[in-house]
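Structure first, commentary second.
Just so you know, these numbers use all the heavy atoms, side chains as well, and skip hydrogens, waters and symmetry mates. Residue numbers count from 1 along this sequence. Just so you know, these numbers come straight off a predicted model, no measurement behind them.
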Amino acid sequence: MARRRGSHLVPPALAYAAAGILPAALLIRGAEVGGWPLWLGLLWMALLVPLADMLAGLSFGDAEEGQPFPATETGLTLLALTHFALLLSALSAFGGDELTLTERVVLFLGAGMWFGQVSNAVGHELIHRSRRSLFRLGAAIYVSLLFGHHVSAHRLVHHSHVATARDPNSARLGESFWRFFPRAWWGSFRQGLAAERARARLSRRLNPYLIWVGGAGLWIIGVWIGFGTRAMVDYLALCLYAQMQLLLSDYVQHYGLRRARIGDRVEPVGPRHSWDAPHALSSLGMVNAPRHSDHHAHPGRPYPALRLSPQDMRPLLPYPLPVMGAIAMVPPLWRRVMDHRVARMRAEPVGEDSKRP
């Protein structure tokens, strides 16, 4: 059952699964029959969630410290299985002739948004789980989106160097998303590979990049054999679309923030190094990914238990995360919305004789 802290509802773990599965179920049905389920699935992802968040403007409460959420892993597993069901349904529809051109476009956009927002958030949670089966399930999600190297780069590079110049996924002040995207994609691939090579030398273990790259190749060949050339081309475009949204989340959630240099070290990661967007419906659909600062402080904390820092301690985005992602695609508008907020965060004192890296 849901619990309360103060006057704010704390959702149960399965509420997150339901919020993610509903639009996917509409899109899966739409891939089979076309028509209104497709349109409703797209509208759910593109309009209904951000609009509801904008109108409500409320978040749910924080869980009590140590509060159990027994269905956490069950919810993640259901969402992961939904990812593969939607992906295979979309590929089957792309390889067939049952949908009109307009319906194919609607399916592409709706499924792509789901993969970029929900699948990314679910895979992200799973690769932070200690159980090997859950980790592998999360890695499989990223490999199916041809983005397996993110499993290595996120854990070994991003979490270590977030909000410093050494992290390719921390956007610089004034950097547009369109410049950030290729830099972050290649930088995370290269630095993740270097980190895994160093680990392999120490432990004599198999470099997982063989799985990330080889698995991507197998998916492309499998889609071509199973669904045809047209579906394979659509699959490549769909993966690129999902990858752009994944890196769009990184761009938005770390834009312009930097850890201060104190002496010869940088300050520890804290609430001030990630932008939060604690809106209720998008937080449910993205398994609390918008509570990003607490995730960086406690990477192993289950998603229903992620907490919000006191408001005066954390950078707060002015709109829900999906809305901020849309704004980020228009660089002049993004800078108008965000640069003065970054300047205000950077002006706050961190420590005596601090110097930004």
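Under a 3.5 Å cut-off, the side chain of Asp167 and the backbone N or O of Ser170 do form a donor-acceptor pair. Here the side chain of Asp53 pairs no donor or acceptor atom with the backbone of Pro320 at under 3.5 angstrom. Side-chain atoms of Arg335 do not come within 3.5 Å of backbone N or O of Leu173 as any donor-acceptor pair. Between the side chain of Glu103 and the main chain of Gly35, a donor-acceptor pair closer than 3.5 Å is present. No donor-acceptor pair closer than 3.5 Å links the side chain of Glu267 to the backbone N or O of Ile262. With hydrogens and angles ignored, the 3.5 Å screen pairs a side-chain donor or acceptor of Asn207 with a backbone N or O of Tyr209. Not a single donor-acceptor pair under 3.5 Å links the side chain of Ser92 to the backbone N or O of Leu88. In terms of modelled atom types and a separation under 3.5 Å, the side chain of Ser188 and the main chain of Trp185 share a donor-acceptor contact. Side chain of Arg259 to main chain of Val162: a donor-acceptor pair is present (N/O by atom type, distance under 3.5 Å, no hydrogens or angles). Gln191 contributes a side-chain N or O that, together with a main-chain N or O of Arg166, makes up a donor-acceptor pair within less than 3.5 Å.
Looking at heavy atoms from C-beta onward, Leu146 lies in side-chain contact with Leu236 at the 4.5 angstrom threshold. Here the side chains of Val10 and Asp62 are not in contact, with every heavy-atom distance at 4.5 Å or above. Contact of the Arg336 side chain with the Leu333 side chain is registered, since non-hydrogen atoms from C-beta on lie closer than 4.5 Å. At least one side-chain heavy atom of Met338 sits under 4.5 Å from a side-chain heavy atom of Pro318. Met329 has its side chain within reach of Trp178: a pair of non-hydrogen atoms, C-beta onward, lies under 4.5 Å apart. Residues Leu38 and Leu27 form a side-chain contact, since some pair of their non-hydrogen atoms from C-beta on lies under 4.5 Å apart. Side-chain contact between Pro11 and Phe60 is present, with heavy atoms from C-beta onward closer than 4.5 Å. A 4.5 Å side-chain heavy-atom check between Leu134 and Thr77 finds at least one atom pair inside the cut-off.
Nearest approach of Cys239 to Ser144, heavy atoms of both residues: SG-O, 3.8 Å. Taking both residues in full, the closest heavy atoms of Gln253 and Ala289 are given as OE1-O, 3.2 Å, listed atom of the first, atom of the second, then distance. Minimum heavy-atom separation, Pro168 to Gly187: CG-C, 3.7 Å. Scanning both residues, Thr72 and Pro302, for their nearest heavy atoms gives CG2-CB, 4.1 Å. Residues Asn169 and Ala184 approach most closely at OD1-O, 3.7 Å, considering heavy atoms. Taking all atoms of both residues into account, the shortest heavy-atom contact from Val122 to Ala80 is CG1-N, 4.1 Å.
Both Leu240 and Ile141 are assigned to one and the same hydrophobic cluster, defined by single-linkage of ILVMFWY side chains at heavy-atom distances under 4.5 Å. Both Trp39 and Trp44 sit in one connected hydrophobic cluster of ILVMFWY residues. Membership requires side-chain heavy atoms under 4.5 Å apart, directly or through other members. Neither Ile220 nor Val233 shares a network with the other; the hydrophobic side chains, linked directly or stepwise wherever heavy atoms of I, L, V, M, F, W or Y lie under 4.5 Å apart, form separate groups for each. The same ILVMFWY cluster, assembled from side-chain heavy atoms under 4.5 Å apart, contains both Phe84 and Phe227. Connection of Ile225 to Leu91 is established within a shared hydrophobic cluster, with ILVMFWY side chains joined at heavy-atom distances below 4.5 Å, either directly or through further cluster members.
Ring geometry, Tyr241 versus Phe108: the interplanar angle falls under 30°, so the pair is classed parallel (tilted spans 30 to 60°). The aromatic rings of His150 and Phe147 sit parallel to each other, their planes meeting at less than 30°, with 60° as the upper class boundary. Below 30°, between 30° and 60°, or above 60°: for Phe115 and His83 the angle between ring planes is above 60°, a perpendicular geometry.
Here Glu73 pairs with Arg131 in a salt bridge; the nearest charged N to carboxylate O distance falls below 4.0 Å.
Other residues, nucleotides and ligands place no more than 12 heavy atoms under 6.0 Å from the CZ atom of Arg197. Within 6.0 Å of CZ on Arg29 lie no more than 12 heavy atoms contributed by other residues, nucleotides or ligands. Within 6.0 Å of CZ on Arg205 lie more than 12 heavy atoms contributed by other residues, nucleotides or ligands.
The structure places CZ of Arg129 at 9.0 Å from OH of Tyr303, a figure rounded to the nearest 0.5 Å. In this structure, Gln245 CD and Asn120 CG are separated by 9.0 Å, a value rounded to the nearest 0.5 Å. Leu238 contributes atom CG, which lies 10.0 Å from atom CD of Gln243 (distance to the nearest 0.5 angstrom). The structure places CG of Leu79 at 13.0 Å from CE of Met286, a figure rounded to the nearest 0.5 Å. Annotation: the span from Ser282 atom OG to Asn288 atom CG amounts to 9.5 Å, rounded to 0.5 Å. The distance from the CG atom of Leu126 to the CZ atom of Phe135 is 10.0 Å, given to the nearest 0.5 Å.
Outside the 6.0 Å centre-distance limit, the rings of His128 and His298 are not counted as a close aromatic pair. Centroid-to-centroid, the aromatic rings of Phe181 and Tyr251 stay 6.0 Å apart or farther. Separation of the His149 and Trp186 ring centroids does not fall under the 6.0 Å cut-off.
Side-chain contact check for Asp250 and His254: no donor-acceptor pair (N or O, by modelled atom type) lies under 3.5 Å.
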Exercise for review: Test side-chain contact (heavy atoms from CB on, under 4.5 Å) on Val213 and Phe189 and set out the steps.
Suggested key: CA-CA 11 Å; Val213 177; Phe189 184 95; 4.2 Å; yes

Check your understanding: After noting the C-alpha distance and the side-chain angles of Met345 and Trp275, does the key distance pass the side-chain contact (heavy atoms from CB on, under 4.5 Å) rule?
Key -> CA-CA 11 Å; Met345 287 302 305; Trp275 294 98; 4.0 Å; yes

Review point. Asp234 and Arg104: side-chain contact (heavy atoms from CB on, under 4.5 Å), yes or no, with the steps?
Key: CA-CA 10 Å; Asp234 289 341; Arg104 290 170 66 90; 2.9 Å; yes

Point to revise | Intermediate values then yes/no, side-chain hydrogen bond (donor to acceptor under 3.5 Å, both in side chains), Ser249 and His124 | key: CA-CA 12 Å; Ser249 294; His124 170 259; over 6 Å; no

Point to revise | Trp219 and Leu87: CA distance, side-chain angles, deciding distance, side-chain contact (heavy atoms from CB on, under 4.5 Å) verdict | key: CA-CA 12 Å; Trp219 264 95; Leu87 179 56; 3.7 Å; yes

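Among the candidates His158, His159, His273, the single residue satisfying the ring pair (Phe, Tyr, Trp, His ring centres under 6.0 Å) test with His295 is His159.
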